[in-house]
Amino acid sequence: MARAMWDSSVGKKTVMAVSGLIMLLYLIVHMIGNLKIYFGAAEFNHYAHWLRTVGEPFMHYEWTLWLVRIVLVVAVVAHATSAYQLSRRDIKARPVKYVHKKARSSYATRTMRWGGIILGLFIVWHILDLTTGTVHSGGFQEGHPYQNVVDTFSTWYGNVIYIVAMLALGLHIRHGFWSAAQTLGAGSRTRDRVLKTVANVLALLLTAGFIAVPVGVMTGVVS
Ligand code: HEM
């Protein structure tokens with residue numbers, strides 16, 4: 001039953017929709033958390049510390065954080081795997097190759113494919129930058145994310161990488177949210193307009209909310 005579901009295109013689209021919505025939920029929370037940077041170093045660093053102690057004393061130090069990390073890794077892998085397999089299926093289903101290569105995929109398909117690749121690379125960069133500090137520009141300080149964020153957005157390439165990724169994220173969510181709603185059967189003639197509006201508003205809020213952090217550092221409001 002599970003196997004047949006996974007093998008079907010609808011099954012893979014369902015996996016994409018559900019994993020996408022899980023990541024979307026994470027991003028809404030992450031964006032709101034990031035905006036606390038405007039309340040200063042003490043509050044932002046305190047918030048980061050809280051992320052590690054949530055659920056205590058039932059949970060041990062960092063258990064909740066690790067639970068969230070595991071759910072996210074499963075979601076990312078499931079999302080990327082089904083996207084790859086669906087796109088292979090698309091290509092294979094064509095008995096004859098298109099004469100014009102460019103005409104093979106629609107604008108939306110190409111945006112989602114490239115956007116997904118950009119976001120995948122971004123997540124790796126982002127974790128190496130602000131979680132492990134491996135590629136961080138300044139002296140990375142564990143437990144002091146405020147200073148680490150300021151360091152990142154004090155370099156031109158830090159700003160470019162993050163802003164390009166956030167624009168890709170906005171486009172990805174705009175189309176992805178809409179597709180997920182269709183896959184999960186939320187679409188109907190009357191609801192489609194509402195769903196499109198919700199997709200646009202979500203994409204805009206997330207992009208603007210995330211970009212507000214580098215903008216804050218660049219303008220000197222956050223320093
Ligand atoms: C301007 C935008 C962003 C800023 C300033 C930012 C900031 C941060 C910071 C400071 C951390 C480390 C938190 C800590 O160690 O306490 C972090 C972790 C993380 N961020 Fe972001 N983030 C941004 C955008 C994003 C986006 C768009 C995504 C996903 C597409 C994302 C996904 C993650 C993930 C998965 C972690 C790792 C959590 C962990 O395992 O510790 N972030 N971010």
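Computed from heavy atoms alone, side chains included, the values below leave out hydrogens, waters and symmetry copies. Owing to the predicted nature of the structure, the values given are computational and were not obtained by experimental measurement. We count ligands from 1, going down the list as the structure has it; atoms in each ligand are counted the same way.
- Atom OG1 in T111 sits 10.0 Å away from atom NE2 in H172 (nearest 0.5 Å).
- In this model, a donor atom of one side chain and an acceptor atom of the other lie less than 3.5 Å apart for R89 and S9.
- Interatomic distance, M23 CE to L119 CG, rounded to the nearest 0.5 Å: 9.0 Å.
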Starting from the N and O atoms of ligand 1, find every protein N or O within less than 3.5 Å and list the pair with its distance.
from	atom 1	to	atom 2	distance (Å)
ligand 1	15 (O)	R52	NH2	2.8
ligand 1	16 (O)	R52	NH1	2.9
ligand 1	16 (O)	R52	NH2	3.3
ligand 1	20 (N)	H30	NE2	2.9
ligand 1	20 (N)	H126	NE2	2.7
ligand 1	22 (N)	H30	NE2	2.8
ligand 1	22 (N)	N34	ND2	3.4
ligand 1	22 (N)	H126	NE2	2.9
ligand 1	40 (O)	R69	NE	2.5
ligand 1	41 (O)	R69	NE	3.3
ligand 1	41 (O)	R69	NH2	2.8
ligand 1	42 (N)	H30	NE2	2.9
ligand 1	42 (N)	H126	NE2	2.9
ligand 1	43 (N)	H30	NE2	2.9
ligand 1	43 (N)	H126	NE2	2.7

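- Counted within 6.0 Å of CH2 on W63, heavy atoms from surrounding residues, nucleotides or ligands total 12 or fewer; the atom is thus considered open.
- Residue pairs that meet the salt bridge (charged side-chain N to carboxylate O under 4.0 Å, His left out) test with at least one member in residues 139-168, sequence neighbours left out, do not exist here.
- Residue-environment remark: OH (Y84) stays at or below the threshold of 12 foreign heavy atoms within 6.0 Å.
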